[in-house]
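Down below is the structure, laid out as structure tokens.
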Protein chains: 2
Amino acid sequence: MTKANPATSGSAAPGAPAAPGPAGADGTGGTGGTGVRDSSPRARFRGQIRDEAKALALRQLAEGGAQALSLNAIAKSLGMSGPALYRYFANREALLTDLIVDAYHDLAAAMGAALAAAEPAHQPHDRLAGLVTAYRAWAVAEPHRYRLLFRAPLFGYDPQAPALVEASQPAMTVAVEAVTPLLPRSAPPTAAAALATSLWAGLHGLVSLEIEGNFSSMGLDPVPLYDTQVRAILHAAQA
Amino acid sequence: MTKANPATSGSAAPGAPAAPGPAGADGTGGTGGTGVRDSSPRARFRGQIRDEAKALALRQLAEGGAQALSLNAIAKSLGMSGPALYRYFANREALLTDLIVDAYHDLAAAMGAALAAAEPAHQPHDRLAGLVTAYRAWAVAEPHRYRLLFRAPLFGYDPQAPALVEASQPAMTVAVEAVTPLLPRSAPPTAAAALATSLWAGLHGLVSLEIEGNFSSMGLDPVPLYDTQVRAILHAAQA
DNA sequence: TTGCTTTTGTTATAGCCTATAACCAACGAG
DNA sequence: CTCGTTGGTTATAGGCTATAACAAAAGCAA
């Protein structure tokens, strides 16, 4: 877990003319998502610390929710004192954004893997079911990270919205891939997007309720509900 | 808006033996949800101030998200200074819980009204569609309040969980009512709960995506998606 | 009316947090 | 070896939650 592709954000532009404060290195730099393998040993160290910080952040998140995430505490836990961490993350929100982007990457990877694994001879139906299972499994395994994905507007209204929108694309692409073979060939091009969105919405609703304990608190078995969802998508595709 | 039934929480037990600090009246008391009409003029005033505080809180919430809600700022905005507000709300979380409970009440009321309005001669299908429309309309009209409902775990892990679970019941009850007549008479008693949950999950997923702008950012019209959801529930009910 | 109790407000404080400033040490390329 | 970049430190400014201690106002009872 916590591995993500170095997709976003290149290293910091080194042309910055002696910015004041500990924001000298504006915190944006370092290795993109989490990739530790980078050119200079300097950058490697940097990436490593960033990763440790992120890991600690995830722990805080898992234990106390988003409000419990404290740069200060992370820094102290890392052995460095307070403001030092601002050398690595521009601010609290930047760290959160990073975590969100990582989570999107991982979720998309899990979905893609499920789709690829079912590839060979399986029916489209089975591929879809596999995708659903993978999505659910990922969310249930790390609910705090799943929550992160759909709570962005909560902390900071308009954050790095573009980065987040971009990060969410791969998962959507996988959903479209899973859904396209279900449609008749005469379907209009927007149909796949619409169906994938229906799928996503249904899944998200189920997962949301499940990870907040709404099923167990009602004594309901989630599995048949997910099955129903799969059948509903198949039905909608053929209608 | 912001009207809710005085359902929960009676007035503070006046027997408390001289508790220290401004928590003398433990902040729990006052008029329940929002009902200003209460016995003594004292209590009326109290309820009034609580209401104003809540209104300000909702404004903060609408503008800056949950993290922007500050008791301090509310108090100052109310003309009183800082800690005074702790006479009215035990702490930040208590205020949030109150807002959540109110929101649940209002949502349930909106749903119930939709169901009642469609009552006379309409088909079960139309009643269901009306319910869906009402749910969506409520959420879209006040997204910040809708978010509140499903974000409880985010601020404070284990808050007044029982109060929240209890508050969510009426809405669920309405959903069950809407769904029951769709089922064949031979259906087992759990079927209605399961179907209502499916409905709720589907709706929640769609609404979540819609209020976070995922549809408009993809150029999708939400309406057909909600229609699909209605049809899916009808289909599931007859299967 | 007088006097006690409850309620509600005040200021002072402790503690935590984000974030910036100013300064210093170490690293590493040239 | 030298000097700029990078990473770390302490000091500081605000802001917030929440409690403590105290003072005034309101209500109730005798």
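Here the structure is a predicted model, which means the values were calculated and not measured. Naming: A, B, ... by sequence-line order, numbering from 1 per chain.
Relative ring orientation between Y135(A) and Y146(A) is described as perpendicular, the plane-to-plane angle rising above 60° on a 0-90° scale split at 30° and 60°. Ring geometry for F150(B) against W200(B) counts as tilted: the plane angle lies between 30° and 60°, on a 0 to 90° scale.
Dashed line: the shortest gap from a side-chain N or O of R46(B) to OP1 or OP2 of dT8(C) is under 4.0 Å.
A pairwise comparison of heavy atoms in A114(B) and G130(B) identifies CB-O, 3.8 Å as the closest pair. Closest approach of F89(A) and A53(A) over heavy atoms only: CE1-CB, 3.7 Å.
In this structure, the side-chain hydrogen bond (donor to acceptor under 3.5 Å, both in side chains) partners of E210(A), at least two apart in sequence or on a different chain, are R136(A), Y226(A).
The CZ atom of R50(A) sits 14 Å away from the P atom of dT6(D) (whole-angstrom rounding). Taking atom CE of M80(A) as the reference point, atom P of dA25(C) lies 19 Å away to the nearest angstrom.
Across dG8(D), dG7(D), dT8(C), the shortest atom-to-atom separation from the side chain of R42(A) is found for dG7(D). Ranking dG8(D), dG9(C), dT10(C) by closeness to the S81(B) side chain, first place goes to dT10(C). Side-chain proximity of A84(A) to dG8(D), dT8(C), dG27(D): nearest is dG8(D).
A salt bridge does not link R145(B) to D102(B): none of the charged side-chain nitrogens sits closer than 4.0 Å to a carboxylate oxygen.
Using five terminal pairs a side, the axes of the helix from dT1(C)-dA30(D) to dG30(C)-dC1(D) at its two ends make an angle of 0°, given in steps of 10 degrees.
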Just the table, please: protein N/O against nucleotides 15-19 of chain C N/O, every pair under 3.5 Å.
from: dT18(C); atom 1: OP1; to: L71(A); atom 2: N; distance (Å): 2.7
from: dT18(C); atom 1: OP2; to: N72(A); atom 2: N; distance (Å): 2.9
from: dA19(C); atom 1: OP2; to: Y86(A); atom 2: OH; distance (Å): 3.3
from: dA19(C); atom 1: OP2; to: R92(A); atom 2: N; distance (Å): 2.9

